[in-house]
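Down below is the structure, laid out as structure tokens.
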Amino acid sequence: EVQLVESGGGLVQAGGSLRLSCAASGFAASGFAFEDYDIGWFRQAPGKEREGVSCISSGSNSKSYYTDYVKGRITISRDNDKNTVFLQMNNLHVDDTAVYYCAAKLHGCSFIAGRYLDYWGKGTQVTVSS
């Protein structure tokens with residue numbers, strides 16, 4: 001089965017940086033290669049709904065997308081040879097504190113969680129202190 005595993009979270013001070021990873025496996029059984037999937041990052045903070053953060057589209061000429069509240073502070077990238085998507089987060093804010101999830105979809109990026117396939121990871125906790 002397709003599996004997504006997030007890692008790289010932790011506790012950092014405001015202004016610090018983290019690099020999250022989303023490692024994928026089991027895509028051969030889906031009929032598609034990892035490079036065929038768009039990969040999105042979402043986050044969910046206590047008392048709030050899950051919200052989109054970033055997405056990187058499929059293929060060799062992938063495109064990156066960011067929501068306004070992270071644009072300029074976060075960079076998404078992918079290494080298809082390693083079946084991994086990265087989320088480099090700089091200048092972190094306290095309100096970036098959340099569980100960060102990655103998910104996969106086909107046919108283009110989206111910030112709507114319901115448009116992703118049911119390949120969500122279990123998330124990695126990011127805590128930013130003041």
Would you list the atom pairs, donor with acceptor, under 3.5 Å between side chains in residues 17-27 and any protein atom, with sequence neighbours excluded?
unit_1	atom_1	unit_2	atom_2	d
Ser17	OG	Asn90	OD1	2.9

I'd like to check the side chain to side chain donor-acceptor pair (under 3.5 Å) partners of [X]; sequence neighbours left out, ordered by chain and number.
X	result
Thr127	Gln125
Tyr100	Arg43
Glu35	none
Asn83	none

Discussion item. On a heavy-atom basis, which atom in Leu106 and which in Asp36 lie closest, and how many Å separate them?
Written reply: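 Taking every non-hydrogen atom into account, CD2-O, 3.4 Å.
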Worksheet item: Considering residues, nucleotides and ligands other than His107, do more than 12 of their heavy atoms fall under 6.0 Å from its NE2?
Response: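 No - once you tally the heavy atoms of other residues, nucleotides and ligands closer than 6.0 Å, there are 12 at most.
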Discussion item. Within a 6.0 Å radius of atom CZ on Phe32, are there more than 12 heavy atoms belonging to other residues, nucleotides or ligands?
Written reply: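 Open.
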Fill in: Within-4.5 Å side-chain heavy-atom neighbours: Val85 and Phe34
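Val85 vs Phe34: side chains touch.
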Discussion item. With heavy-atom distances below 4.5 Å as the criterion, would you say the side chains of Ser54 and Leu87 are in contact?
Written reply: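 Yes, side chains in contact.
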Is there a path of hydrophobic side-chain contacts, each under 4.5 Å between heavy atoms of I, L, V, M, F, W or Y residues, that connects [X] with [Y]?
X	Y	answer
Val2	Ile56	yes
Val94	Met89	no
Val53	Val128	yes
Ile39	Ile74	yes

Discussion item. Give me each pair satisfying ring pair (Phe, Tyr, Trp, His ring centres under 6.0 Å) with a member in residues 39-68, each pair once, sequence neighbours excluded.
Written reply: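 Residue pairs passing ring pair (Phe, Tyr, Trp, His ring centres under 6.0 Å), neighbours aside: Phe42-Tyr116, Phe42-Trp120.
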Discussion item. Once rounded to the nearest 0.5 Å, what's the spacing between atom OG of Ser129 and atom CG of Leu92?
Written reply: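 Here the interatomic distance stands at 10.5 Å.
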Practice prompt. Find the distance between CG (Asp95) and OH (Tyr69) and round it off to the nearest 0.5 Å.
Written response: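 Rounded to the nearest 0.5 Å, the CG-OH separation comes to 10.0 Å.
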Practice prompt. Just grab all the disulfide bond (SG atoms under 2.5 Å apart) pairs involving residues 47-88, residues at least two apart or on different chains.
Written response: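 Every disulfide bond (SG atoms under 2.5 Å apart) pair that includes a residue of residues 47-88, provided the two are not neighbours, is Cys55-Cys109.
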Worksheet item: Would Ser30 and Tyr119 count as having a side-chain donor-acceptor pair, cut-off 3.5 Å?
Response: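 Tyr119 and Ser30 do not have a side-chain donor-acceptor pair below 3.5 Å.
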Worksheet item: Quick check: does any side chain N or O of Glu6 sit under 3.5 Å from a backbone N or O of Lys122, one acting as donor and the other as acceptor?
Response: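 Here the side-chain-to-backbone pair exists.
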Worksheet entry | Any donor-acceptor pair under 3.5 Å from Ser57 side chain to Asp38 backbone |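 Pair absent, no side-chain N/O of Ser57 close to backbone of Asp38.
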Worksheet item: Which residue pairs pass the salt bridge (Lys or Arg N to Asp or Glu O under 4.0 Å) test with at least one member in residues 60-87, sequence neighbours excluded?
Response: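 Non-adjacent pairs meeting salt bridge (Lys or Arg N to Asp or Glu O under 4.0 Å): Arg73-Asp96.
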Fill in: Contact list for residues 104-118, test salt bridge (Lys or Arg N to Asp or Glu O under 4.0 Å), sequence neighbours left out
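Not a single pair qualifies under salt bridge (Lys or Arg N to Asp or Glu O under 4.0 Å).
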